[in-house]
Amino acid sequence: MATLTINGEKREVDVESDTPLLWVLREQLALTGTKYGCGIAQCGACTVHIDGVATRSCAMPVSAVTADQKITTIEGLSPDGSHPVQKAWLALDVPQCGFCQCGMIMAATALLKNNPNPTDADIDAEITNICRCGTYNRVREAIKTAATSIREGKVAL
Amino acid sequence: MTHLENLSRRRFVVGSAAAVGSLSLGFHIPLAQAAAAAALPPEVNAWVVVKPDDAIVIRIARSEMGQGTLTGLAQLVAEELECDWSKVTTEYPTPGQNLARNRVWKDFSTGGSRGIRSSHDYVRLGGAAAREMLIAAAAQGWKVPASECKASKSVITHAASGRTTTYGKVAIVAATMKVPEKISLKDPSTWTIAGKPLPRLDTADKLTGKQIYGMDIKLPGMLSAAVTACPVFGGKLVSFDATAAEKMPGVKKVLKVDDTAVAVVADTWWRAKTALDALRITWDYGPNKKVDTASINKMMTEGLDAKEAFVGSNLGNAPGLIKDAKKTVTATYAYGFQNHACMESMNATALYTPEKLEVWVPTQNGEASLAAAAEASGLPVQKCDVYKMHLGGGFGRRGFQDFTKQAVSIAKQMPGIPVKMIWSREEDMLHGAYHPKTMCKLTGVLDEQGNIKAMHMRISGQSILAAVRPEGMQGGMDPAVFQGLNVDGAEGAFTYKIDNLLIDHAMRNTHIPPGFWRGVNLNQNAIYVECFIDELAHAAKQDPVEFRRKLLAHNPKALNVLETVAKGIGWDTKPAPGVSRGVAQIMGFGSYVGAAAEVSVTNGKLKIHRIVAATDCGHVVNPAQVERQVEGSFAYGLGSVLYNECTIREGRVEQTNFHNYDVIRMAAMPKVETIPIPSGGFWGGVGEPTIAVAGPAVLNAIFAATGKRYRTLPVFRHSDLQSV
Ligand code: FES
Ligand code: FES
């Protein structure tokens with residue numbers, strides 16, 4: 001049994017303690033926006049926020065998360081896709097197959113929280129997610145677009 | 001009930017094509033059943049459904065796997081339909097419905113960059129017919145001639161009387177109208193929806209986690225399966241000890257999958273996977289257990305000089321001129337196995353009962369999935385159907401149905417229970433349909449002016465068709481090996497004029513199964529030709545662009561592509577200090593493509609600054625998507641040229657996950673400037689062709705920077721050149 005705080009709600013789950021958080025989210029909690037891509041913290045498809053920090057949930061056993069830590073998944077980023085990062089992604093029509101994109105958005109959001117004006121080098125260093133469709137250049141552009149709209153105070157993060 | 005096509009009682013055959021080898025099934029569909037399946041939602045015709053509130057649903061037969069095919073096809077239908085684009089959504093008919101309706105939606109196969117170019121005509125006709133029927137219905141109601149009415153943005157107007165109505169109001173009557181016999185399509189120059197850079201229809205749900213992929217499906221009472229097949233292709237399962245696994249939490253069953261794999265079925269996939277890892281399995285690795293990269297290389301190297309070879313093109317007397325030449329230029333290139341490594345690993349979900357089989361699968365070819373599922377279940381195809389799920393990448397891998405068959409084989413042993421089978425990344429890496437491995441020896445002779453007098457290109461290595469589509473072979477020869485190298489070819493023509501030219505193939509196959517991998521054989525052929533042409537230009541002491549210009553003087557489309565990228569990169573200007581340039585062009589998938597790259601190499605570190613790409617695909621349906629495809633395919637193609645190769649040891653693929661099969665990521669991704677130059681008059685592909693020119697353009701730029709040719713790929717396997 002584990003207690004988790006997910007997208008603002010306390011949830012009880014009945015799983016083995018070494019189950020990766022990714023699979024708890026996907027299978028016990030039906031939050032399938034968080035994706036499985038590699039299972040070994042290589043691709044970032046499974047990125048969620050734990051207390052605001054981008055975390056690859058496939059490599060995080062559920063026992064390593066306490067009941068008070070706040071887990072945010074893509075489903076909890078905004079109720080309706082209105083988060084500034086999601087909006088920038090929509091404006092630039094970033095996704096191709098889309099499978100990596102929720103992880104990309106979660107990684108980008110965490111980056112912008114710590115660094116509202118990232119340089120290309122910052123983006124290179126922080127966004128190490130894999131996209132096999134090759135949307136990298138548009139992801140970079142969308143991060144900058146989101147950064148601008150946040151900085152200009154048009155929207156809050 | 002009115003349809004574009006008459007439902008008639010006749011026999012027809014669906015080739016399940018590459019996907020299931022040579023299997024093709026003859027289906028006999030009785031009329032009553034066809035009619036029942038046709039009684040689906042109200043429709044104007046097979047392609048168009050109009051709801052009373054003017055919502056338009058356009059039916060799409062091809063699969064969306066990231067390339068924007070869904071949006072592009074909808075644009076083509078909507079263009080002729082003259083509907084309000086803002087109210088358009090799409091739906092997939094099922095392969096079973098297609099069969100029951102006499103294949104009214106025709107081909108479901110999505111590959112070979114054919115999604116749009118092979119169906120643009122009949123989907124536009126479908127949209128146009130629906131428009132005419134909607135107009136006819138309104139005209140009948142008004143008792144005026146249809147020729148006096150016009151449609152625009154889902155509104156029908158009778159100008160003379162000033163009356164208007166909307167599609168939604170006449171849709172039900174429209175469905176009873178006569179199908180127009182003659183329809184003329186709009187001239188692309190008058191398009192207002194097609195040809196425009198419209199946003200994709202499928203973006204919003206991909207940003208919120210709402211988009212459901214095959215891996216995400218959840219059905220009532222569903223169980224999950226993890227599977228592992230013999231790691232050596234051609235091997236078999238001997239036995240397994242499930243004592244420990246069966247006692248593990250959530251495990252329902254441990255079972256044999258055909259004679260090659262074992263699966264654990266549990267209440268969740270993670271529990272199934274954990275139990276699978278605890279199984280003790282004995283394999284018979286079979287005849288290929290000693291094969292490795294060295295032994296394959298040896299066999300293919302022998303083919304480079306072998307006497308016998310299939311001749312693809314032969315002009316003049318290249319061998320004779322080469323034999324008599326005082327001086328020749330020679331180089332040998334090699335390109336290895338690649339896994340598709342789709343972001344979403346292979347998966348399928350199946351529910352079997354003796355009366356019915358249903359399969360939910362991300363597939364590039366719904367009809368091939370249906371054929372494979374029917375075969376694996378032993379049920380007649382009329383009792384089976386396939387629901388196409390959104391694909392987390394395809395790139396050619398999801399045209400194959402090995403995973404569909406596995407899922408059905410598992411579900412058949414769990415009747416009445418839906419079972420979702422997911423491959424782990426490791427399973428996916430070890431059981432691919434790999435980019436074929438080939439080598440190429442090129443020999444050229446120059447005359448005193450530095451013109452190419454003769455050239456021989458000997459390819460040695462795998463044939464895809466021999467393995468997956470033997471019916472496509474021509475007298476033992478695989479014509480697809482010569483993609484981009486066919487003198488006088490239509491689809492992948494050799495663009496240069498060389499009077500004495502021999503291109504041949506010594507087929508050398510291995511047990512590693514080859515498949516269609518985005519770009520297919522154009523990838524390595526473009527590297528072989530375009531790097532060697534660069535080598536010849538260097539030997540002739542000529543500028544690489546000027547050298548190519550002369551060879552393309554007879555071919556205005558190819559020349560235009562070359563000139564466009566040369567201009568785009570600023571070939572006639574000096575690059576920034578430390579920056580070097582390379583160029584490449586080829587024709588494939590019906591399109592002319594070119595690229596020019598700027599790179600720098602500092603202390604053995606490669607930085608690709610930018611690539612300018614040009615594509616002449618004839619007609620463009622969505623220029624914004626063309627840009628994305630070029631950019632995206634460069635990431636995929638450069639990954640394989642620079643980083644990846646699947647190597648073989650003890651008969652199996654050594655690379656198991658992204659830690660030892662690295663791919664291009666953000667930091668290494670160059671800027672890409674895409675210049676679409678559609679010259680009209682033909683329909684070329686977009687998803688694949690341009691991928692092939694990024695590699696040779698970069699390799700030629702690396703030579704310009706370092707004076708060294710990296711001929712055995714991938715580049716970063718050479719210790720003296722790494723990524724920044
Ligand atoms: S699935 Fe977690 S990083 Fe790839
Ligand atoms: S959009 Fe397909 S993997 Fe990134």
Side-chain angles (χ1 to χ4, degrees), chain A residues 15-16 18-20 22-24 26-28 30-43 45 73-75 77-78 80-81 83 85-87 89-91 93-102 105 121 123-140, chain B residues 64-68 199-200 202-213 215-216 218 224 249 267-271 273-274 340-345 390-395 422 424-426 624 628-629 631-636 639 657-659 663-672:
Chain A
V15 288
E16 290 71 58
D18 58 354
T19 308
L22 166 65
W23 293 101
V24 175
R26 291 182 55 82
E27 305 202 297
Q28 268 79 21
L31 294 168
T32 52
T34 308
K35 301 297 188 214
Y36 165 70
C38 69
I40 57 165
Q42 276 288 323
C43 76
T73 70
I74 186 75
E75 291 88 351
L77 196 61
S78 70
D80 50 3
H83 186 282
V85 172
Q86 288 168 315
K87 277 177 142 169
W89 246 251
L90 185 66
D93 220 1
V94 175
Q96 290 194 22
C97 84
F99 197 79
C100 71
Q101 296 293 333
C102 292
I105 289 171
I123 295 172
D124 287 347
E126 292 300 317
I127 308 297
T128 55
N129 298 34
I130 294 174
C131 173
R132 290 295 279 155
C133 298
T135 61
Y136 300 113
N137 291 346
R138 255 158 237 278
V139 167
R140 183 190 301 281
Chain B
E64 175 57 57
M65 48 188 171
Q67 275 57 58
R200 296 172 60 129
D202 54 348
T203 295
D205 284 353
K206 291 175 178 170
L207 309 178
T208 58
K210 273 205 198 96
Q211 175 67 58
I212 298 294
Y213 296 81
M215 197 185 278
D216 303 329
K218 201 170 164 119
S224 292
D267 58 351
T268 67
W269 187 78
W270 181 255
R271 283 173 168 162
K273 164 84 167 64
T274 308
H340 296 82
C342 299
M343 213 61 237
E344 180 194 24
S345 57
H390 202 85
L391 285 72
F395 312 118
I422 303 174
S424 65
R425 174 60 57 193
E426 287 76 10
R628 284 167 178 76
Q629 286 319 299
E631 227 169 84
S633 74
F634 279 8
Y636 202 67
N657 205 322
F658 290 118
H659 68 295
V663 297
I664 212 166
R665 300 179 195 231
M666 181 76 84
M669 182 71 195
K671 285 202 181 73
V672 178

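So that the names make sense, note that chain A is the first sequence line, chain B the second, and so on, each numbered from 1. Keep in mind it's a predicted model, so treat the numbers as computed, not measured.
At a 4.5 Å heavy-atom cutoff, Leu77(A) makes no contact with chain B through either its backbone or its side chain. Only the backbone of Lys671(B) comes within contact range of chain A, with at least one heavy atom under 4.5 Å from a heavy atom of that chain. In this structure, chain A has a heavy atom under 4.5 Å from the side chain of Ile212(B), while its backbone stays farther away. The parts of Ser424(B) that come within reach of chain A are both its backbone and its side chain, each placing non-hydrogen atoms under 4.5 angstrom from that chain. Residue Thr268(B) touches chain A through both its backbone and its side chain, counting heavy-atom pairs closer than 4.5 Å. In this structure, chain A has heavy atoms under 4.5 Å from both the backbone and the side chain of Glu631(B). Only the side chain of Phe395(B) comes within less than 4.5 Å of a heavy atom in chain A; its backbone stays farther off. Both the backbone and the side chain of Arg140(A) come within less than 4.5 Å of a heavy atom in chain B. Contact of His340(B) with chain A is made through the backbone alone, with heavy-atom distances under 4.5 Å. Proximity to chain B (any heavy atom under 4.5 Å) is shown, for Thr135(A), by neither the backbone nor the side chain. Heavy-atom distances place both the backbone and the side chain of Trp89(A) under 4.5 Å from chain B.
Ion pairing between Asp93(A) and Arg138(A) fails under the 4.0 Å rule for side-chain N and carboxylate O.
Residues passing the side-chain hydrogen bond (donor to acceptor under 3.5 Å, both in side chains) test with Gln96(A) are Gln629(B), sequence neighbours excluded.
Listed for the Tyr213(B) side chain is no donor-acceptor partner under 3.5 Å among the backbone atoms of Thr32(A).
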